[in-house]
Amino acid sequence: MGHCRTRRLAACVVLLAAVAAHGIAGTVSGYVEETATPGGTFAAAADWTAPSAAAAVVSKVAGGDPGYVRAGGSYHVYANVADQGNPAAGTASVNAGVGSLSTASSAAAATGSWTVGGLSYNWRSAALTAKAGLTDGSIGYSLTSTDSATPANARTQNFTTTADSTVPTGTAISSTNTPGGTVGRPEQGDTVVYTSSEPLEPISMLAGWSGAAIDVAATISDEPGTGDVLRVTTAAGEVPGTPVLLGRNDFVSKSRPITFGQTGTASTLTREGNVTTLVLGTPSATAATTGAAAQMRWSPSATVTDRAGNPMATTSVLEAANAVKEF
Ligand SMILES: [Ca+2]
Ligand SMILES: [Ca+2]
Ligand SMILES: [Ca+2]
């Protein structure tokens, strides 16, 4: 406390009183005042710790499920970075090392506020373009976060993302009868089950959709030349990739389509893993009960993508040959 005696007698008196009253903690607190004095003993930086990214993720520019990138696709790197120090000087820059993903080796990020996959991020790179020749699988990238202390503290952390340039395909289509329902009659609680080769991107089917159960309507109509067709709609129109030809024309009469969930209990659509399930809601009229088995045919849409943004193959999917009565 030698310097204290020579610099500021009044402060010393207060300090000694604080020591007497509160012990060592009071002493430390008292010296904080001195650090602001030019030439003071404790003028050295109190921040010698680099910022740290608690989370980072690669997400296609279109949004939706993060963590996947396709060859030639556009993506952002998101990071949630906080500086540390006593006090923290603040994060000055975040740079993504993306040489394994893109032609450019690094990309500067800027601050902002984003929610991706339900998590918050405060730094994001500009939109970057993935290499044309990405190989499917895990690919590493890095983040270097630097604070504004003098001298600056920097930390580099490594992360991985998944490259996926494989086109998703439809693999199966089927229906189920609700427990206690009538086999062969489409009714509330019956389902249509769309199975794909990998999880589909919910936002490519419905804007803002997470994949959790969402209210929709379904319609079965007897269309000229094709017979009974099931379609899923919302106020925004038909949900792409949902039409199913039912392989018959006896569920509904021509020009008298039946809707499910337009009023009453809504139909719902849920994406869980590789399976997207439609549950029928309240019907607008009682559908006929069919007496014979048939094979449904699903018509996937290239508007629908996988999580990396690859458009779905449009090859139609015929129900398994040992089909039973639908619904
Ligand atoms: Ca720091
Ligand atoms: Ca894929
Ligand atoms: Ca049924």
Side-chain angles (χ1 to χ4, degrees), residues 44-54 60 62 64-65 67-73 81-94 130 134-139 144-157 161-171 174-193 196-201 204 218 220 228 230 246 248 250-252 258 260 267 273-274 278-283 286-291 293-294 296 300 302 304-313 324-327:
D47 180 350
W48 54 85
T49 308
S52 179
K60 62 187 177 296
D65 282 358
Y68 300 86
V69 62
R70 68 186 174 94
V81 179
D83 189 28
Q84 297 156 55
N86 186 24
T91 307
S93 67
V94 175
L134 280 189
T135 303
D136 281 11
S138 181
I139 295 188
T144 299
S145 308
T146 307
D147 68 13
S148 53
T150 306
N153 306 293
R155 183 196 310 271
T156 297
Q157 296 166 275
T161 191
T162 300
D164 169 16
S165 303
T166 303
V167 168
T169 60
T171 56
S174 63
S175 65
T176 66
N177 178 41
T178 190
T182 302
V183 175
R185 168 184 288 168
E187 60 201 326
Q188 185 175 348
D190 288 357
T191 73
V192 175
V193 181
S196 45
S197 56
E198 60 184 303
L200 301 178
E201 172 54 68
S204 69
I220 297 177
D228 292 349
L230 176 140
L246 298 176
R248 59 188 334 108
D250 56 3
F251 284 132
V252 299
I258 295 177
F260 297 82
S267 298
N274 295 4
L278 169 72
V279 180
L280 297 182
T282 307
T286 302
T289 302
T290 187
M296 302 193 293
V304 178
T305 74
D306 62 14
R307 296 169 295 182
N310 299 291
M312 195 166 186
V324 294
K325 286 189 284 189
E326 307 306 344
F327 304 107

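For ligands, and for the atoms within them, numbers begin at 1 and follow the listed sequence.
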Can you tell me how far apart CD (E326) and CG (L246) are? Round to the nearest 0.5 Å. 7.0 Å
Euclidean distance, N153 CG relative to T146 OG1, rounded to 0.5 Å: 9.0 Å
Heteroatom N/O/S of [X] within less than 3.0 Å of the Ca ion (ligand 3):
X    : value
T182 : yes
F327 : yes
V183 : no

Is there a side-chain contact between [X] and [Y], using heavy atoms and a 4.5 Å cut-off?
X    : Y    : value
P186 : L280 : yes
E187 : T178 : yes
D190 : S175 : no

Of all the heavy-atom pairs spanning [X] and [Y], show the shortest one and how long it is.
X    : Y    : answer
A53  : V81  : CB-CG2, 3.9 Å
S52  : Q84  : CB-NE2, 3.2 Å
T166 : D306 : O-OD2, 3.1 Å

Counterpart residues, side-chain hydrogen bond (donor to acceptor under 3.5 Å, both in side chains), relative to R185 (two or more places apart): T289
So, E201 and K60, do they make that salt bridge, N to O below 4.0 Å?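 Salt bridge present between E201 and K60.
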Within N153, is some N, O or S atom less than 3.0 Å away from the Ca ion (ligand 1)? no
Quick check: does T91 have an N/O/S atom under 3.0 Å of the Ca ion (ligand 1)? no
Any chance the side chains of S197 and T171 put a donor and an acceptor closer than 3.5 Å?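 No donor-acceptor contact under 3.5 Å links the two side chains.
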Give the atom name of whichever N/O/S atom in D83 sits closest to the Ca ion (ligand 1). OD1
Would you name the N/O/S atom of D147 that lies closest to the Ca ion (ligand 1)? OD2
Rounded to 10°, the O/T49 to the Ca ion (ligand 1) to OD1/D47 angle comes out at 80°
Can you check the angle at the Ca ion (ligand 3) formed by OE2 of E187 and OD1 of N177? Round it to the nearest 10°.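 Output for this angle: 80°, rounded to tens.
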Could you identify the N, O or S atom of D190 positioned closest to the Ca ion (ligand 3)?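 Looking only at N, O and S atoms of D190, the one nearest the Ca ion (ligand 3) is named OD2.
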Under 3.0 Å from the Ca ion (ligand 2), protein N/O/S atoms total 6
